[in-house]
Amino acid sequence: VQLQASGTGLVQPGGSLRLSCAASGNIFSINVMGWYRQAPGKQRELVAVITSGGSTNYADSVKGRFTISRGNAKNTVYLQMSSLKPEDTAVYYCNIKFIREYWGQGTLVTVSS
């Protein structure tokens, strides 16, 4: 299983950015895809996850600002980030879980003026 993420960038505070991730390989139809992030000097943390049935869960710090969604293509996931804050600066990792979990390579999001 491979995960390919895109959407890295430098954004000003208050701006928006969309991350995309496509999973390929032998993937169960029932799975959970999500985004995690790791800021410098901090542990990796959950940002948002979505099940294959469409149920979502968000970190409190991003509720109301970030939206996770599934694409029409199987096993694609998006993270629409709005009202970005400097504290959102981190490497964002795409993740898929079914029996075991797999990680993408990470994409850097920098929020700075």
Side-chain angles (χ1 to χ4, degrees):
V1 175
Q2 291 187 326
L3 294 160
Q4 183 65 47
S6 61
T8 189
L10 170 63
V11 185
Q12 290 189 340
S16 299
L17 187 67
R18 190 174 87 152
L19 303 181
S20 304
C21 177
S24 59
N26 292 324
I27 300 170
F28 278 18
S29 59
I30 299 174
N31 58 63
V32 179
M33 294 191 77
W35 292 93
Y36 293 72
R37 67 186 181 186
Q38 187 167 17
K42 295 187 177 181
Q43 291 187 331
R44 191 175 298 188
E45 63 177 5
L46 178 146
V47 177
V49 293
I50 183 168
T51 69
S52 47
S55 297
T56 59
N57 189 38
Y58 294 91
D60 287 343
S61 59
V62 306
K63 283 181 180 176
R65 300 188 297 121
F66 291 11
T67 302
I68 190 169
S69 61
R70 293 260 192 173
N72 290 330
K74 284 187 178 180
N75 302 319
T76 59
V77 65
Y78 304 101
L79 185 68
Q80 178 67 48
M81 304 184 291
S82 302
S83 301
L84 282 160
K85 304 176 181 180
E87 51 263 45
D88 294 317
T89 295
V91 176
Y92 284 71
Y93 295 91
C94 180
N95 173 283
I96 187 168
K97 296 185 184 71
F98 60 95
I99 301 178
R100 57 171 290 187
E101 66 180 345
Y102 301 85
W103 295 92
Q105 80 279 14
T107 184
L108 178 62
V109 174
T110 303
V111 184
S112 175
S113 55

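Each residue takes its place number in the sequence, starting with 1.
Interatomic distance, CD1 of Ile30 versus OG of Ser52, reported as 6.0 Å (0.5 Å rounding). From Ile99, atom CD1 reaches atom CD1 of Ile27 across 12.0 Å, with rounding to the nearest 0.5 Å. We find the OG-CG distance between Ser112 and Leu84 to be 12.0 Å, quoted to the nearest 0.5 Å. To the nearest 0.5 Å, the span separating CZ on Arg18 from CG on Leu79 amounts to 10.0 Å. Note that SG of Cys21 and CD1 of Ile96 are 8.0 Å apart. Values are rounded to the nearest 0.5 Å. To the nearest 0.5 Å, atoms CG (Leu17) and CD (Gln80) are separated by 8.0 Å.
Within the structure, the ring-ring contact (aromatic ring centres under 6.0 Å, His included) test picks out the following pairs touching residues 24-59 (sequence neighbours left out): Phe28-Phe98, Tyr36-Trp103. Sorted by first and then second residue, the pairs that involve residues 83-95 and meet side-chain hydrogen bond (donor to acceptor under 3.5 Å, both in side chains), not counting sequence neighbours, are Arg37-Asp88, Arg37-Tyr92, Arg65-Asp88, Asn95-Lys97, Asn95-Glu101.
Proximity of Gln12 to Val111: side-chain heavy atoms (C-beta onward) are nowhere separated by under 4.5 Å. In this structure the side chain of Asn75 reaches within 4.5 angstrom of the side chain of Arg70, judged on heavy atoms.
A continuous path of Ile, Leu, Val, Met, Phe, Trp and Tyr side chains, each step under 4.5 Å between heavy atoms, connects Tyr102 with Val77, placing both in one hydrophobic cluster. No single ILVMFWY cluster, assembled from side-chain heavy atoms under 4.5 Å apart, contains both Phe66 and Tyr78. No path of Ile, Leu, Val, Met, Phe, Trp and Tyr side chains, each step under 4.5 Å between heavy atoms, connects Val91 with Met33, placing them in separate hydrophobic clusters. No single ILVMFWY cluster, assembled from side-chain heavy atoms under 4.5 Å apart, contains both Val62 and Val49. Ile50 and Val32 sit in two unconnected hydrophobic clusters of ILVMFWY residues. Membership requires side-chain heavy atoms under 4.5 Å apart, directly or through other members.
The shortest heavy-atom contact between Ala59 and Leu46 is CB-O, 3.4 Å.
Among residues two or more places apart in sequence or in another chain, the side chain to side chain contact (heavy atoms under 4.5 Å, CB included) test is passed with Ser24 by Gln2. Scanning for side chain to side chain contact (heavy atoms under 4.5 Å, CB included) contacts around Ser55 gives Thr51, with sequence neighbours left out. Take Asp60 and apply the side-chain hydrogen bond (donor to acceptor under 3.5 Å, both in side chains) test, not counting sequence neighbours, and it matches Lys63. Take Gln38 and apply the side-chain hydrogen bond (donor to acceptor under 3.5 Å, both in side chains) test, not counting sequence neighbours, and it matches no residue.
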